[in-house]
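To keep things clear, I will list the structure first and then write my remarks on it.
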Amino acid sequence: MSHALTTEVVRTGAPTVPDSTWSAEDSGELYRVARWGPPYFSVNARGRVAVRTAPGASGSIDLSAIIEEARRRRIESPLMIRFPEILRSQVARLHGAFGDAIRKTGYGNRHMGLYPIKVNPLRHVVAEIQDAGRAYGMGLECGSRAELASALPQLRDDRHLLVCNGVKDESMLGLALDAQRLGRQVIPVVQSPEEFSALRAIAARRGDDPTLGVRIRLSNGTPDRWDRYAVPDAKFGLSPADLLQLLEQYPDALPRLGLLHFHVGSQVTDLTRLQRAAAEAAQVYASLIQRGAGLRYLDVGGGLGVEYGDAPGSPAGLGYSLADYAYAIVAAVSEVCRSRSVPHPVLVCESGRAITAHHAVLIVPVLSVRERRGLTGDTEIPPQAGDATALLIRWALHGPAPVNAGDASALLSRAHHAYGKVGASFAEGRVAMEEFAVAERAFVTVARRIVEYLGRTGLPVPAQIGPLVRSLADRVLCDFSVFQSLPDHWGSGQTFPVMPIDRLNERPTRHGILVDLTCDADGRIDRYISSDPDATALPLHAPRPGVRTELGFFLMGAYEDVLGAPHNLLGRVPEVHVRTDECAAQGFRIENIVPATTVADLLTQMGYLEAELRGAMGDIVASMTVTDELSAEAGYGLIDRYAKCLEQGTYYETGDVAGPKS
């Protein structure tokens, strides 16, 4: 079935008639749910997004039901919904995949997962992962002083590994060595010759003989890509030449070398690249073992990608599964170790994105929809209209329909030329604003007809029409901040799955570009996961008067909680943590509620003191000359409203407003 949108040429505000030819399965295909959703998200028969918190679970949770329950508890969207059980499921899936790969290849050692705290350092996230990973001996990875401080108290015994990456000063190195003295597996990973020298000096002063790790920079060479076949230039780590020089200078360090680490990226989409890196690192490991190194661990870093739903074959599309990833790593290392006759190391991975991404869903309400309106059927040509305006109106109401892509492009070109003439005349004062407004709506109507034709016939949209499609899309104002809740989209161009959470058994009839509350042109989403040919606009349903429209932003659990910035002083949204509960009527329970950042909280972060702010407002009111009772009432009202403002969240409060304004 073609998923081209049916765009109304004439919009009169009539209610939308359900399209019996559209199904929930069609919506699943349109928003590519089958690519990014498994094994947790799907579209159910009611046309709503459903959540399973474990692969193969018998029941699912209706996402809309969670929102309704939160609203009954007076928690409004924007709202972050977290599913701790999905964290547990991902921990089990990761270790299960490596376990299967070890059995299939006959690998001679085990796998150990580490959770890199930087991916999402929230206490409840880290605690849930640690609890789930305890059965697998899962450890932690840190890369800063604060991360080290948060991780050390979690090491209750000597079975769990803590790898210290990042740039480490003397106090951090000393803290790691103190933990080693107490029998904890805390391994500082040397990133540079300078860090090696500092660690060696600290150990000598204290009389320690510590276990250390080293991060290696790989060439990632390939014979058909000269840009990759180059001298290692990663941000951190020692090249093989640097490492050999250090070990030749300080041979006594070789037996203390317990861990070899490499890292090729956070979201690696090319499995071949990971295989090559693992094989190259295994060669370094084997060479060091044969020189007498005491290596036990080979840490392959992160890199395990998350399927965000991009089209197969696209640069961002993920071409492998979790099982593929684990097998590629295990097989590559196993082959090298067997060929070099060295013992298999404990394989360590730091797959934080894959563990955390799925567990969080952001729910965002639509506040208003600004539509590019076309002409209505009863529009008449104004008596004073010029030839270009009259032509546009005739084409809009009774104009020719294109018969092929070339004809569509030519017709649009002529309409655009006519509209440009009217605009130029308006700028010169020779056309009234009323005529220019009619000409604009006529052009919008003609353009929509052409875009509709191309979509209905499945023809590709010519390159010159692409910007027009985006300009015709509705501007959908949403109650959130891109900079706070979706910083990866703004900063690095990461595309996240975004879709309506209900009405998915109805055909979308509109395109929309989502914009946020901030007073910033970058506060918008300009790329979407969709099978629709135009990925720069989101397929949406026409808003229904009196009915709230809410959108779901998925795979939000990795990095977004850390990178968010309070631009325009918009803070964190409220959260609910949801677990399945077969005894509950809805099949779930809300076990924890985290309130939103208040205005007072955010101002405190910026250096304002609440008491001083309140006092200053009181002084302002007191300094006013009160001439009558009404003025006094206004002053007290100002103080009361200001106090309430400080206690509120930072986002628009929808309250009882049910639906967006169009």
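Below, all heavy atoms of this structure are taken into account, side chains as well, without hydrogens, waters or symmetry copies.
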Do the side-chain N and O atoms of Asp601 and Thr598 include a donor-acceptor pair separated by under 3.5 angstrom? yes
Enter the distance from Tyr325:OH to Leu304:CG here, rounded to the nearest 0.5 Å. 5.5 Å
When you measure from the side chain of Asn120 to the backbone of Gly557, do you find a donor-acceptor pair of N or O atoms at a distance under 3.5 Å? yes
Go through the steps for Arg48 and Asp62 under the test salt bridge (Lys or Arg N to Asp or Glu O under 4.0 Å), then give the verdict. CA-CA 7 Å; Arg48 294 180 165 188; Asp62 191 319; 3.3 Å; yes
What pairs with His111 under ring-ring contact (aromatic ring centres under 6.0 Å, His included), at least two apart in sequence or on another chain? His95, Phe98
Residues Thr53 and Arg579: side-chain donor-acceptor under 3.5 angstrom: no
State plainly whether the residues Arg217 and Glu280 are in salt-bridge range, i.e. N to O under 4.0 Å. no
Between atom CG of Leu603 and atom CG of Leu609, what is the distance when rounded to the nearest 0.5 Å? 10.5 Å
Are more than 12 heavy atoms, taken from residues, nucleotides or ligands other than Trp490, located less than 6.0 Å from that residue's CH2 atom? no
Glu170/Arg205 under salt bridge (Lys or Arg N to Asp or Glu O under 4.0 Å): CA gap, chis, key distance, verdict: CA-CA 12 Å; Glu170 184 170 336; Arg205 287 198 306 268; 2.6 Å; yes
So does Arg72 have more than 12 non-hydrogen atoms from other groups sitting under 6.0 Å from CZ? yes
Should the pair Arg524-Asp516 be classified as a salt bridge under the 4.0 Å nitrogen-to-oxygen rule? no
Any luck finding a side-chain donor-acceptor pair between Asp208 and Gln180 under 3.5 Å? no
Could you label the plane-to-plane angle of the Phe496 and Tyr308 rings as parallel, tilted or perpendicular, counting under 30° as parallel and over 60° as perpendicular? perpendicular
Paired with Asp310, the salt bridge (charged side-chain N to carboxylate O under 4.0 Å, His left out) test is passed by just one of Arg527, Arg35, Arg32, namely Arg527
Run through Ile66, Ile86, Val361 and flag the one making a side chain to side chain contact (heavy atoms under 4.5 Å, CB included) with Val51. Ile86
